[in-house]
Visitor: 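Mind having a look at this structure? Questions to follow.
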Amino acid sequence: MAQRTFSIVKPDAVRKGFTGAILAEIDKAGFQIVAIKKASISKQQAQGFYYVHKERPFFDDLTTFMSSGPLVLMVLEKDNAIADLRQLMGATNPANAEEGTIRKKFAGSIQENAIHGSDAEDTAAFEIAYWFAGYELI
Ligand code: CMP
């Protein structure tokens, strides 16, 4: 059954000019782009998005990084979208990512790891609603 997930091309990948190549991987894997927008977000917006990580030692660096330059916010749809995108992305740490995954190809470090994808249905619902209004998702 078609499922939606939320994804970000992170500032490191946008800065390095990898946006088009990452979108091509997503397209080739059979995802429909329901909504997409390029934005520069504030540190406060990044803190709200990643609030589940607020007690983690990397929270401050992560939210500084995510607000350091333009990124691309997307809602993607396909059967099994959440798990399939996680597989296409590869492990959080690119050093552990499988050959052929987006993070293996484009990520520089565990923090500057090129792409985000929701990890479950409830987080996908929160993340989509955090960045997109209902009228943008028709
Ligand atoms: P993401 O999938 O967006 O979810 C949380 C993010 O926190 C993760 O990708 C990384 O960018 C970052 N992250 C996770 N673990 C670490 C870590 N150990 N050190 C630094 N950043 C991390």
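Indexing begins at 1, ligand by ligand and atom by atom, following the structure's order.
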Visitor: If you have a sec, work out which protein heavy atom is nearest atom 13 (N) of ligand 1 and how many Å separate them, to one decimal?
Guide: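 Ranking protein heavy atoms by distance from atom 13 (N) of ligand 1, first comes Phe58 CE1, 3.6 Å.
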Visitor: Between Asp119 and Arg86, is there a salt bridge with N-O shorter than 4.0 Å?
Guide: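 Between Asp119 and Arg86 there is no salt bridge, as every charged N stays at least 4.0 Å from the carboxylate O atoms.
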Visitor: Among protein heavy atoms, which sits nearest to atom 18 (N) of ligand 1, and what does the distance come to when rounded to 0.1 Å?
Guide: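 Checked against all protein heavy atoms, atom 18 (N) of ligand 1 sits closest to Ile110 CD1, 3.7 Å.
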Visitor: Out of Leu62, Thr123, Ile115, who gets a non-hydrogen atom closest to atom 6 (C) of ligand 1?
Guide: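 Looking at heavy atoms only, Leu62 sits closest to atom 6 (C) of ligand 1.
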Visitor: Relative to the ring of Phe49, is the ring of Tyr130 parallel (under 30°), tilted (30 to 60°) or perpendicular (over 60°)?
Guide: tilted
Visitor: Which part of Phe65 is near ligand 1, with near meaning a heavy atom under 4.0 Å away: side chain, backbone, both or neither?
Guide: neither
Visitor: When the ring centroid of Tyr51 is compared with that of Phe126, is the distance short of 6.0 Å?
Guide: yes
Visitor: Ion pair present between Lys105 and Glu25, side-chain N to carboxylate O less than 4.0 angstrom?
Guide: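 Judged by the 4.0 Å cut-off on N to carboxylate O distance, Lys105 and Glu25 do form a salt bridge.
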Visitor: Salt bridge between Arg56 and Asp61, side-chain N to carboxylate O under 4.0 Å?
Guide: no
Visitor: For ligand 1, which atoms sit closer than 4.0 Å to a heavy atom of His116?
Guide: 1 (P), 2 (O), 3 (O)
Visitor: What do we get for Asn113 next to ligand 1 when only non-hydrogen atoms under 4.0 Å count, side chain, backbone, both or neither?
Guide: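 Side chain only.
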Visitor: Please work out whether any backbone atom (N, CA, C, O) or any side-chain heavy atom from C-beta onward of His53 is under 4.0 Å from ligand 1, and answer side chain, backbone, both or neither.
Guide: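 Near ligand 1, His53 shows its side chain, while the N, CA, C and O stay back.
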Visitor: Within the 4.0 Å heavy-atom shell around Lys10, which atoms of ligand 1 are there?
Guide: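 It comes down to these atoms of ligand 1: 1 (P), 3 (O), 8 (C), 9 (O), 10 (C), 11 (O).
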Visitor: Does the Lys NZ or Arg CZ of Lys54 fall within the cation-pi geometry relative to Phe59 - under 6.0 Å from the ring centre and within 45° of the axis?
Guide: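 Pair Lys54/Phe59 does not count as cation-pi.
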